[in-house]
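Note that these values count all heavy atoms, side chains included, but never hydrogens, waters or copies made by symmetry.
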Amino acid sequence: MAEIRSLGDRLRERREELGISQAQAARELEVARTAYRLWEMEAAKPAPDRWRLISRWLGVSVATMLLADDLVDEDEARQAEVITGRFGPTG
């Protein structure tokens with residue numbers, strides 16, 4: 001079974017893979033640098049309207065991202081996949 005990493009860890013790892021600063025990551029995710037920093041520190045959670053963009057940036061599905069971070073239970077994650085899929089790509 002794969003190790004479950006927190007959203008903060010995954011954001012930091014992805015940012016480091018890209019070789020970018022927190023400010024640059026925040027711009028890519030269309031949020032304030034402070035908000036992004038708090039996500040990495042796990043002092044705050046992203047709002048649902050950010051989930052799709054973050055999951056694409058991380059290269060995982062919304063359901064995978066949500067389940068791995070225990071933001072929602074399995075049924076809610078499936079519903080989120082269906083709902084976000086209806087709206088198509090954002091940005």
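Grouping the Ile, Leu, Val, Met, Phe, Trp and Tyr side chains by contacts below 4.5 angstrom, directly or via other members, places L58 with W51. Hydrophobic clustering places W39 together with V60 (ILVMFWY residues linked when any side-chain heavy atoms are closer than 4.5 Å, directly or through intermediates). Both L18 and L11 belong to a single network of hydrophobic side chains, linked directly or stepwise wherever heavy atoms of I, L, V, M, F, W or Y lie under 4.5 Å apart.
Shown here are the side-chain hydrogen bond (donor to acceptor under 3.5 Å, both in side chains) partners of T34, two or more places apart in sequence or in another chain: there are none. By the side chain to side chain contact (heavy atoms under 4.5 Å, CB included) test, A25 is found to be paired with R15, I20, Y36, W57, residues two or more places apart in sequence or in another chain being considered. With sequence neighbours excluded, no residue satisfies side-chain hydrogen bond (donor to acceptor under 3.5 Å, both in side chains) with R27. Annotation: salt bridge (charged side-chain N to carboxylate O under 4.0 Å, His left out) contacts of E28 (sequence neighbours excluded): none. A search for side-chain hydrogen bond (donor to acceptor under 3.5 Å, both in side chains) contacts involving E16 returns nothing, not counting sequence neighbours. Evaluation of the side-chain hydrogen bond (donor to acceptor under 3.5 Å, both in side chains) rule for R12 yields D9 as partners, not counting sequence neighbours.
Using a cutoff of 4.0 Å between basic side-chain nitrogens and carboxylate oxygens, R14 and E17 are scored as salt-bridged.
Annotation for L29 and R50: closest pair O-NH1, 2.9 Å, computed over non-hydrogen atoms. A pairwise comparison of heavy atoms in I54 and L7 identifies CG2-CD1, 4.2 Å as the closest pair.
Going from atom CZ of R37 over to atom OG of S21 covers 13.0 Å, rounded to the nearest 0.5 Å.
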